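Worth saying up front: this structure is predicted, and the values here are computed from it rather than measured. Labels below follow one simple rule: chain letters A, B, ... track the order of the sequence lines, proteins then strands, and each chain is numbered from 1.
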Amino acid sequence: MIDLRALRDDPTYREGAVAKGATADTLDRLLADDAERRQLLAEVERLRADANAASKDIGRADPHERDAKIAAAGELKARVGDREAVLEAVSTRVDEAALAIPNPAHPSVPTGTEEAFEVIDVVGGQPSPPPLDHADYGDRMGWTDAERGAAVSGSRFAYLRAEAVLLELALVQWTMQKLVGRGFTPIVPPVLVREDMMVDAGFFPTDRNQVYELEKDELFLVGTAEVPLAGIHRGERLDATTLPLRYVGFSSCFRREAGTYGKDTRGIFRVHQFDKVEMFIWADPEQSWAEHELLLEIEREILDQLGLPYRVINVASGDLGAAAAKKYDCEVWLPSEGQYREITSCSNYTDFSARRLGTRVKGDRGSEFAHTLNGTACAVGRMLVFLMEHAQQDDGSFVVPEVLRPYCGLDLIVPPAAE
RNA sequence: GGAGAGGUGGCCGAGCCAGGUUGAAGGCGCUUCCCUGCUAAGGAAGUAACUGUCGUAAGGCGGUUCGUGGGUUCAAAUCCCACCCUCUCCGCCA
């Protein structure tokens with residue numbers, strides 16, 4: 001949720017909201033309603049003060065004065081109720097409008113639609129495709145079985161098999177170790193959460209149709225560990241001296257992928273279930289931009305050490321999503337498609353999410369909302385897709401990235417004999 | 001799944017069954033000061049959060065909050081309803 005006071009007082013904040021698609025008209029109407037709300041609030045509070053005083057007086061009054069005083073207090077109460085109804089109507093209007101306003105973009109975010117992104121850096125080349133694309137190679141190596149996956153669970157489900165499983169676990173363990181070494185606390189979170197957690201994490205109502213629901217138990221399967229990680233300090237007051245609090249979660253992720261029919265149908269690039277190592281940071285407002293750069297640095301280090309060619313983009317305002325004030329995407333070159341595809345992304349939500357989560361920081365500057373950030377460390381399945389193309393040799397063998405070898409006990413994997 | 005107990009301020013813990021100077025006793029912790037020749041003991045004062053408004057500020061005056069949301073009442077931590085959570089015993093279980 002946005003900061004109405006900042007919207008009122010801070011021109012930069014307001015410009016950021018406009019960059020994200022909020023019209024000046026909408027903002028002005030919201031601020032006018034909010035002004036009315038605050039005025040009504042003052043009035044209602046005055047009336048309530050009178051009514052409270054009258055009630056307190058009854059407790060102290062002589063018994064024979066009570067009836068008269070009770071009657072008078074009753075009248076006061078009725079007047080309060082009338083004005084409260086008006087206030088509530090205005091407040092509801094303000095809240096609804098405020099919830100619809102996205103988190104303003106940071107001034108460093110390029111303004112425009114999806115294509116307006118800014119390329120920050122390009123690492124490595126754009127190699128030509130290997131003999132087999134990731135989908136065919138996964139089948140050839142006996143690493144993926146989408147056919148049986150579909151028979152068991154439907155399309156976009158696959159079995160992961162053989163060395164691919166060892167590689168997956170190696171990726172998880174390697175990234176986990178790296179992050180623990182950087183002071184992150186490792187977490188295996190619940191993957192089923194309540195509706196209010198989905199709302200507070202900012203995924204409902206907007207992304208509700210992307211989420212699997214267990215109706216009988218009123219629980220929802222998370223699409224990312226970000227959701228339960230955001231819940232860790234919900235409703236808490238954090239001591240500024242303990243920040244930043246850095247967490248790294250490992251979980252399976254579940255996505256309905258509604259509206260992607262016919263898109264990325266080959267292999268395991270886009271599936272309903274995958275595993276992911278996700279970073280999440282609770283930061284002091286003064287630290288959050290430095291923490292955002294840290295997340296990017298870690299993401300880049302992971303790609304560098306795996307030897308993947310990639311570029312980093314500063315996502316344009318129109319493509320940020322409601323919660324992010326700024327977002328970097330790392331996109332790895334996918335040779336078979338001849339284009340860069342997203343592998344990781346990291347966002348600074350500033351105080352947008354914490355306001356809804358009710359997480360505050362208490363420090364020298366008093367009490368303010370925390371800043372939250374999140375970033376992908378390793379989307380495991382998709383990482384395997386990229387590795388299957390970049391580590392694949394002309395003879396069909398697979399060269400395991402050096403850094404993963406200690407974690408899976410493999411260095412060169414040769415394809416099984418053809419049937 | 002069955003039976004019971006309980007959720008109060010940074011923490012512990014009274015208050016609830018008789019609704020009214022209780023935003024909440026007491027203790028711990030913390031802050032400041034006094035005493036003390038010294039990391040002890042003692043004494044005094046202060047110490048919830050959020051929010052509106054006025055003020056340059058210190059602060060003043062209000063509102064809301066005793067798990068959450070409703071209800072009854074002039075008045076609710078206290079009464080009623082629903083939900084959430086925690087604990088104990090039994091059952092089940094990787």
- request: Measure across A/Thr344 and A/Glu299 and return the closest heavy-atom pair with its distance rounded to 0.1 Å.
  value: OG1-OE1, 3.5 Å

field: Closest-nucleotide 5' rank along RNA chain B - winner of A/Phe369 and A/Ile58
entry: A/Phe369

query: CD of A/Glu402: more than 12 outside heavy atoms within 6.0 angstrom?
result: no

message: Work out how far the C1' atom of B/A76 is from that of B/C81, and round it to whole angstrom.
response: 15 Å

query: Taking atom C1' of B/G1 as reference, at what distance in whole Å does atom NZ of A/Lys216 sit?
result: 12 Å

Separation of the P atoms in B/A49 and B/A44, to the nearest angstrom: 25 Å

field: Nucleotide B/G10, atom C1' - distance to NZ of A/Lys362 in whole Å
entry: 8 Å

statement: When rounded to whole Å, the CG to P distance for the pair A/Asp239 and B/G10 reads 13 Å

message: Could you tell me how far B/U78 sits from B/A18 if I compare only their C1' atoms? Round to whole Å.
response: 11 Å

query: Distance between the P atoms of B/A77 and B/G7, in whole angstroms?
result: 16 Å

query: Any donor-acceptor pair under 3.5 Å joining the side chain of A/Glu45 to the base of B/G63?
result: no

statement: Picking from B/G10, B/C74, B/G63, the nucleotide nearest the side-chain atoms of A/Ala49 would be B/G63

message: Looking at B/C87, which nucleotide sits across from it as a Watson-Crick or G-U wobble partner, both distances under 3.5 angstrom, or is there none?
response: B/G4

Between B/U68 (P) and A/Asp200 (CG): distance, integer Å: 15 Å

message: Can you identify which nucleotide, out of B/U64, B/G20, B/G62, has its nearest atom closest to the A/Arg48 side chain?
response: B/U64

- request: For the pair A/Asp329 and A/Lys327, evaluate side-chain contact (heavy atoms from CB on, under 4.5 Å) and give the outcome as yes or no after the intermediate values.
  value: CA-CA 7 Å; A/Asp329 278 359; A/Lys327 175 156 91 172; 3.8 Å; yes

task: Would you mind classifying the nucleic acid contact of A/Arg46 as base, sugar-phosphate or nothing, using non-hydrogen atoms under 4.0 angstrom?
output: nothing

- prompt: If you pin A/Arg37 and A/Gly74 to their nearest nucleotides in RNA chain B, which one's is more 5'?
  reply: A/Arg37

Residue matched to B/U31 through Watson-Crick or wobble contacts both under 3.5 angstrom: B/A45

- prompt: Taking the side chain of A/Lys77 as heavy atoms from C-beta outward, which of B/G23, B/A75, B/U64 is closest to it?
  reply: B/A75

query: For the pair made of CZ in A/Arg83 and P in B/G52, what is the distance, rounded to whole Å?
result: 20 Å

query: Expressed in whole Å, how much space separates the C1' atoms belonging to B/G6 and B/C12?
result: 16 Å

statement: Using Watson-Crick geometry (N1-N3 plus N6-O4 or O6-N4) or G-U wobble (N1-O2, O6-N3), each under 3.5 Å, B/G69 is paired with B/C81

- prompt: Base, sugar-phosphate, or nothing: which does A/Asn52 touch, judged by heavy atoms less than 4.0 Å apart?
  reply: sugar-phosphate

- request: Taking only the side-chain nitrogens and oxygens of A/Ser367, find out if one of them lies under 4.0 Å from OP1 or OP2 of B/C50.
  value: yes

task: Could you please name the partner base of B/G55, counting Watson-Crick and G-U wobble pairs only when both distances are under 3.5 Å?
output: none

- prompt: So, do A/Phe220 and A/Phe204 have ring centers that fall under 6.0 Å from each other?
  reply: yes

field: Interatomic distance at P, B/G69 relative to B/G59, whole Å
entry: 31 Å

query: Does atom CZ of A/Arg8 have more than 12 heavy-atom neighbours, drawn from other residues, nucleotides or ligands, at distances under 6.0 Å?
result: yes

query: Under 3.5 Å, is there a donor-acceptor pair between the A/Thr376 and A/Lys276 side chains?
result: no

- prompt: Should we count CD of A/Glu114 as having more than 12 external heavy atoms under 6.0 Å?
  reply: no

message: Strictly by Watson-Crick or wobble contacts shorter than 3.5 Å, is anything paired with B/G20, and which nucleotide is it?
response: B/C74

- prompt: Can you tell me how far P in B/G26 sits from the matching atom in B/G15, rounded to whole Å?
  reply: 15 Å

task: Return the nearest nucleotide to the side chain of A/Arg360; candidates are B/U51, B/U53, B/A75.
output: B/U51

A/Arg237 side-chain N/O to B/G10 phosphate OP1/OP2 under 4.0 Å: yes

message: In whole Å, I'd like the distance from the CG atom of A/Asp57 to the P atom of B/C74.
response: 16 Å

- prompt: If the P atom of B/G4 is compared with that of B/C93, how far apart are they to the nearest Å?
  reply: 24 Å

task: Figure out the CE/C1' separation between A/Met197 and B/U68, and round it to whole Å.
output: 16 Å

query: For A/Gln39, does the CD atom sit with more than 12 other heavy atoms under 6.0 Å from it, leaving out its own atoms?
result: no

query: What integer distance in Å separates A/Leu87:CG from B/G63:P?
result: 15 Å

message: Using a heavy-atom cut-off of 4.0 Å across all strands, would you classify A/Arg5 as base, sugar-phosphate, or nothing?
response: sugar-phosphate

task: With the side chain of A/Lys56 defined as its heavy atoms from C-beta on, choose the nearest nucleotide among B/U53, B/A75, B/G23.
output: B/G23

